[in-house]
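No hydrogens, no waters, no symmetry mates; every other heavy atom, side chains included, goes into these values. First listed ligand is number 1; within each ligand, the first listed atom is number 1.
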Amino acid sequence: MASTRVIPLDCGYITDVEHSGQQYLRGFGQHICTQAVLWLVQSVHGTAVVDIGPGTPELVKERHGRTLVQAPDQHPLAALERLGVKPEDVDVVVQTHLHWDHCLGLDLELFPGADIFIQRAELAYAAAPYPAHAGLYDATVLHRLLPAFDRGYRNVKVIDGDFKLFKDCLLMKTPGHSPGTQATLVTTDSGVVAIASDNLPLQASWSGRTLEDWIPPGVHVNLDEFYASMTRLTAAADVVLPSHDASVLGQIFD
Ligand SMILES: [Zn+2]
């Protein structure tokens, strides 16, 4: 492997998602499918999975009554195996935030040797979200993360703000969508690639580098923070990638 690279992997899609939850004040009553993407970051300094995702159709149905359309070869381990990545090769799992569609797969304990990186603000908010956001979190996952002094998961690494994960990989705290949403910025040979997470769920949510070019996510806790986070992210990145858009699939960013 010559260089650092970012590879989005197809883990299926969730059906019947309200559009206005993805793009603020847009598409009321329209239902769309949202892509489940597991991001593989490969570097000489380490291997990271960014967002373990919703896991399996069974988990999603059982816990949240929703439909994840996922073929067997779209299971996270199958998708990684096709690229020659074994579970024990994964050093780090970055949780961009703790909404269930991004973290329910933690329950599968796919990468027993990996450290799990989560922003402190996200853990704090998940413990006591505003009621409007409560359904976005998963009780079982939270029961294993909280309280902090009695975790069910091993290897949880709580961070508070920007954090250099590897020499060529920075976790940037980008609140807005949720208090502890974090982006992952990877320095590749062709520039800095930003995995933006749910501040930008869809490709159409980011069409340029000014405020006019961004559509906030319908689900958010703070628009001031969203715009400040996007300004910072945009200044630091050459390529900005949305979280739930199938257009990123089939590409390698290196
Ligand atoms: Zn989210």
(request) Return yes when at least one N/O/S atom of His97 is nearer than 2.8 Å to the Zn ion (ligand 1), and no when none is. (result) yes
(request) Would you name the N/O/S atom of Asp198 that lies closest to the Zn ion (ligand 1)? (result) OD2
(message) Tell me which N, O or S atom from His99 is the closest to the Zn ion (ligand 1).
(response) ND1
(request) Evaluate the criterion side chain to side chain donor-acceptor pair (under 3.5 Å) for residue pair Asn199 and His220; output intermediate values, then yes/no. (result) CA-CA 8 Å; Asn199 280 314; His220 57 255; over 6 Å; no
(message) Looking at Asp107 and Arg63, is there a salt bridge between them, counting it only when a charged N and a carboxylate O are closer than 4.0 Å?
(response) yes
(message) Counting the benzene-type ring for Trp, do Phe28 and His19 have ring centres under 6.0 Å apart?
(response) no
(request) Answer yes or no: is there a donor N or O on one side and an acceptor on the other, between the side chain of Asp51 and the main chain of Thr96, under 3.5 Å? (result) yes
